[in-house]
Structure formats: structure tokens, C-alpha cells
Amino acid sequence: MLKTEDAERSAPHATETPTDPTPASLEFSSVGLDPVLQRAVADQGYTTMTPIQAKAIPHVLAGRDIMGAAQTGTGKTAAFSLPLLHKMLRHENASMSPARHPVRALVIAPTRELADQVAANIKGYAAHSKLRVAVVYGGIDMKPQTLELKQGVEVLVATPGRLLDHIEAKNCVLNQVEYVVLDEADRMLDIGFLPDLQRILSYLPKQRQTLLFSATFSPEIKRLAESYLQNPLLVEVARPNATATNVEQRFYSVATDDKRHAVLKLLKDRELSQAIVFVNSKLGCARLARSFERDGLRTNALHGDKSQDERLKALDAFKAGSVDVLVATDVAARGLDIADLPAVFNFDVPFNAEDYVHRIGRTGRAGASGLAVTLVTREDARLIGDIEKLIKKKIELEPLELDDAPPPRAYRERSRSEAPRSEAPAAPRAAERSAPRRPPGDPFFDRPYEPNPSAGEPSWEKAAPPVPVRGLSPNIKPKKRVAALFGAKLPEPQQETETN
DNA sequence: AAAAAAT
């Protein structure tokens with residue numbers, strides 16, 4: 001969410017929706033939220049809505065099913081949680097017995113950390129109300145969660161696996177859920193999550209309001225999503241898959257063996273106080289983190305093979321500034337809100353272009369500026385082409401001049417206790433002394449993708465027209481549709497039973 | 001070529 005002065009900087013590239021009840025102004029006070037919520041919003045210093053909030057809140061209040069697309073870091077969580085909380089406060093469910101405590105709103109997220117964060121935000125908005133907000137996810141003891149659920153919660157935030165555990169253990173009652181939100185909806189609907197998601201949805205009433213939010217929506221996912229929505233409305237304030245304009249995106253062509261060196265050099269040259277370095281595999285993540293540690297950087301690894309305790313600690317330490325470099329897999333790609341993060345590195349080019357958008361969305365949040373560096377090897381040409389097409393921006397590959405010296409050892413000399421964290425890492429002396437013998441490297445390959453307007457390909461400036469959301473075509477079953485979408489086989493039913 | 005999410 002943006003504060004007043006920031007709001008104008010990220011003016012909406014509005015895609016008008018015909019039935020759009022645009023609020024009178026961008027002030028939170030103009031949409032008539034319950035005073036209890038307005039107070040909570042004010043507590044956090046917010047007065048002005050972001051574009052996605054201004055556009056989505058009236059429709060959510062009006063009870064519409066929504067597919068919401070807006071760039072990363074523009075306040076999607078508040079866009080759905082404030083109006084839902086408002087409705088829950090206004091409409092006390094008279095039929096519900098006070099002895100039972102049915103969940104009324106369910107929010108599902110793709111990672112534990114994101115579920116945690118979303119729950120924390122919603123708790124903030126609900127702070128002055130009596131609504132109870134809980135979060136459940138795997139990797140930690142189930143008992144405290146069970147206890148909390150049994151005492152009753154109105155808003156439940158969850159990751160899919162643990163939620164199913166609780167459902168099947170009858171720890172929570174979901175047959176009176178009125179509102180469902182899929183955060184990072186395109187991820188929740190992808191092949192890996194879909195079976196769990198479908199099972200969860202099968203426990204919910206058909207009659208409900210469903211909200212889908214993400215910064216990225218492929219046309220295929222949009223179509224699939226329709227089958228879970230009733231008379232849905234597409235709310236978008238930027239072309240889907242758009243990257244934030246306040247993030248400087250650089251692409252350097254480097255040799256695989258030079259990548260580590262390149263990160264160290266750029267950290268120094270750009271005087272970056274902190275950065276997330278994304279890698280594609282858990283093993284690579286652990287190795288790179290260890291290597292940075294040997295170079296004297298304060299480093300943590302964050303990936304799915306770490307214990308939940310370690311994961312949370314790594315994230316907290318990074319947020320607190322006691323760690324400079326967080327090496328992470330795509331577990332950290334989506335949704336995480338790390339205030340004032342100056343830079344994101346793609347040590348590996350992500351396999352999915354969508355993940356590129358989400359990764360770099362960790363910087364430049366709430367209108368701040370950010371730097372996104374992607375290291376590109378010759379094997380990555382196709383992936384870069386995919387990204388170019390997705391974000392509809394021309395990608396200029398640049399050479400990166402590396403010193404011939406070995407990766408800087410001067411980092412080692414920097415003691416952990418000295419050197420305030422705002423200071424840039426110490427200069428690598430060896431690197432400074434030796435003249436660069438390597439000539440400035442040429443990009444390894446030609447431009448991977450040039451738009452061809454005569455072939456109907458979009459030009460960089462012109463955003464693709466918004467895709468209208470139409471009704472579900474009833475003759476295609478969602479499962480089949482997914483199989484068709486991905487050209488892949490769905491998990492065989494036997495595979496599930498085999499695991500016992 | 002992978003990661004994530006239950007144990």
C-alpha cells in the first residue's frame with residue numbers, strides 16, 4: 001500500500017472495466033469502510049488507496065467474483081482483505097450457532113512465509129475488531145494450530161497441504177465459508193497445486209464469493225480460473241505480467257563460472273547494502289550461500305529443504321538487516337514484502353518467465369526504486385526470449401567487465417562486528433590492483449527476440465488488450481482443460497494411493 | 001534443466 005505522496009508516482013495504466021464503480025476519490029475514507037477498519041488503516045499511516053485497491057474494493061464490497069491483476073508491491077492484500085473484513089463486520093451471520101465457530105473467510109497462499117505475512121497483514125487490519133484471524137501451514141507442530149482452530153476463527157489463512165490435514169482431522173469447519181481468496185492465483189492453479197486446491201474447494205459451499213489475485217496471469221490460467229468463478233470481473237490496473245517501472249532491469253551476459261564474481265562486483269560497484277540472489281535449485285542455493293559466506297558476506301540460504309524454523313529465521317534476519325545477502329530459491333519469489341530492498345539478482349534465469357516478474361517484484365515495492373540484475377549465459381537465450389515476450393520490454397544484453405583476479409578475498413577481512421550494514425562491502429583489493437586483462441566480453445548471442453508487428457506481435461509500448469472474462473464453457477471439465485493446457489499428464493490417481 | 005506444498 002502506498003502512502004499519500006507515493007500514490008501519484010505509480011499512476012494506473014487503467015484498463016477500464018465497463019461496470020466499474022470508481023470510488024469518488026482515492027481516499028480510503030471514500031469507500032465507506034467500517035470505522036474499525038478505517039482506524040486500523042490509519043494506524044499504519046495509510047490514507048490513499050493504490051490503484052488496485054481503488055478499483056477492486058468497490059467490486060468486492062458489491063459481492064462480485066474477481067480476478068485481480070496488478071503489479072507486484074502495490075497492495076493486493078489490502079485490496080481483498082479490507083472489503084472482506086468490512087462485509088464480515090456488517091453481516092453477522094445470524095444463522096450460525098455461537099457454539100460453533102465456522103470459518104467465514106479462507107485465504108490460500110502458495111508458500112508458508114507468504115501465508116504468514118498475509119495473516120499478519122490481515123491481523124493488523126482486524127486489530128480493532130473482534131474478528132479472529134489464524135494461519136496454518138506445514139513444517140511446524142500441528143497442535144497449537146489445532147487448538148486455535150477449535151477455539152474458533154473467522155478468517156483462516158493457509159497453505160494447501162496443512163489445510164487439508166486440518167480439514168480431514170475435522171479441526172475446522174469449512175462448510176460455511178462465504179469468501180475464498182487465492183493469493184498468487186496463477187501459482188495456486190498450476191499443475192503442482194491444482195489437485196490439492198480442487199480437494200479444498202470441494203469442501204466449500206458452492207455459494208460463495210471467490211477472489212483471485214496475482215501480478216501474473218497467462219491467458220490459459222485466466223481461462224482455467226473462470227471455471228472457479230461465478231460471473232467474474234477482471235480487475236486490472238496494469239497489463240498483467242507488467243514489471244514495475246521503478247525497477248531498473250539489467251541483463252549481463254557472463255560465463256557460468258563468472259557468475260559469482262559478477263555478483264560480488266556488482267554488489268560493490270552499485271554500493272548495495274542488501275540483495276536477494278535467486279537461484280534455480282536448492283542445492284545451488286546452499287552452495288552459493290556457503291561460497292558467499294567464505295567471501296565474508298553475511299549470508300543466509302532460504303529454500304524448501306531447510307527446517308521451517310531456519311526459514312523463518314533467515315527471512316527475519318534479512319528483514320532486520322543482520323544479513324546482507326539472502327540466497328533463495330523461488331520459495332521467496334512471490335509476495336514477500338521486504339521493505340526497502342535495494343536489489344534482486346537472478347543468479348540463474350528463472351525457468352518460468354512469470355517467476356522473473358515475481359522475483360524482481362521483491363524490490364521497488366510501494367513506489368521505491370530498485371535494481372534487478374539478471375546474469376545470462378549462452379544456454380539462457382530461450383528463457384530470455386520468453387521473458388521479453390512476457391513483459392513486453394526490449395531486453396538489452398550487456399557485457400560485464402570482470403577483473404581477471406580471482407573473486408575478491410578482501411570480503412573476508414571485513415569483520416562481522418565492525419562495518420555498519422549500510423556501508424558497501426569492502427573493496428576487493430586484489431581486484432583493484434590488477435588491470436582487467438579480459439576484454440569487455442561481447443554478448444554471447446544475438447537478440448533473442450524482436451517483435452514483428454506485421455506478424456501481429458505486440459510492440460514494446462503498446463500493451464496487449466485486456467482479455468475479457470467470459471462465462472465458463474460447461475462442456476469442458478476443468479481437469480481435462482488443465483491437461484490440455486499443459487500438454488502434460490495429471491498425476492495418476494493410483495500414484496496417490498501408492499504412497500501409503 | 002526446478003521449486004513449492006503434508007509427514
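Side-chain atoms are counted along with the backbone in the values below, which use heavy atoms only and exclude waters and symmetry mates.
The side chain of A/Thr159 places an N or O atom within less than 4.0 Å of a non-bridging phosphate oxygen (OP1 or OP2) of B/dA6. Proximity of A/Thr329 to the phosphate of B/dA4: a side-chain N or O atom is located under 4.0 Å from OP1 or OP2. When the side-chain nitrogen and oxygen atoms of A/Arg187 are compared with OP1 and OP2 of B/dA4, none of them lie within a distance under 4.0 Å.
Using a 3.5 Å distance cut-off with no hydrogens or angles, the side chains of A/Asn241 and A/Thr216 do not pair a donor with an acceptor. Side-chain contact, A/Thr74 with A/Gln71: no donor N or O sits under 3.5 Å from an acceptor N or O.
Using a 4.5 Å cut-off on side-chain heavy atoms (C-beta onward), A/Glu168 and A/Arg199 make contact.
For A/Asn352, the side chain to side chain donor-acceptor pair (under 3.5 Å) partners at least two apart in sequence or on another chain are A/Asp355. With sequence neighbours left out, A/Phe80 forms a ring-ring contact (aromatic ring centres under 6.0 Å, His included) with A/Phe213. With sequence neighbours excluded, no residue forms a ring-ring contact (aromatic ring centres under 6.0 Å, His included) with A/Phe217. With sequence neighbours left out, A/Phe251 forms a ring-ring contact (aromatic ring centres under 6.0 Å, His included) with A/Tyr356.
For the pair A/Asn346 CG and B/dA3 P, the interatomic distance rounds to 16 Å; values are reported in whole Å. Computed from coordinates, the A/Leu189 CG to B/dA4 C1' distance equals 15 Å when rounded to whole Å. Residue A/Asp330 contributes atom CG, which lies 14 Å from atom C1' of B/dA5 at whole-angstrom precision. In this entry the distance linking NE2 of A/His358 with P of B/dA3 reads 18 Å, nearest Å. Across the protein-nucleic acid pair, A/Ile191 atom CD1 and B/dA2 atom P stand 18 Å apart, rounded to whole Å. Atom pair A/Asp386:CG and B/dA1:P shows a separation of 16 Å (rounding to whole Å applied). Rounded to a whole Å, the CZ atom of A/Phe351 is 8 Å from the P atom of B/dA3. Here B/dA5 presents its P atom at 10 Å from CG of A/Asp305, a figure rounded to the nearest Å.
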What pairs of donor and acceptor atoms, side-chain ones from residues 341-350 of chain A against any protein atom, are under 3.5 angstrom apart with sequence neighbours left out?
unit_1, atom_1, unit_2, atom_2, d
A/Asn346, OD1, A/Arg359, NH1, 3.0
A/Asn346, ND2, A/Thr374, OG1, 2.9
A/Asp348, OD1, A/Lys259, NZ, 3.0
A/Asp348, OD2, A/Asn280, N, 2.8

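Comparing B/dA4, B/dA1, B/dA6 against the side chain of A/Thr111 picks out B/dA4 as the nearest. In the set B/dA5, B/dA3, B/dA6, B/dA6 carries the atom at the smallest distance from any side-chain atom of A/Arg199. For A/Leu383, taking side-chain heavy atoms from C-beta onward, the closest of the listed nucleotides B/dA1, B/dA3, B/dA6 is B/dA1.
Using a 4.0 Å heavy-atom cutoff across all strands shown, A/Asn280 reaches sugar-phosphate atoms only and no base atom. Residue contacts for A/Arg311: at a heavy-atom cut-off of 4.0 Å it reaches the sugar-phosphate backbone alone, with no base atom in range. A/Gly138 comes within 4.0 angstrom of sugar-phosphate atoms only, judged by non-hydrogen atoms across all strands, and of no base.
Only A/Gly139, listed by number, bring a heavy atom of residues 139-147 of chain A to less than 4.0 angstrom from any atom of DNA chain B.
One cannot find a donor-acceptor pair under 3.5 Å joining the base of B/dA3 and the side-chain atoms of A/Asp355.
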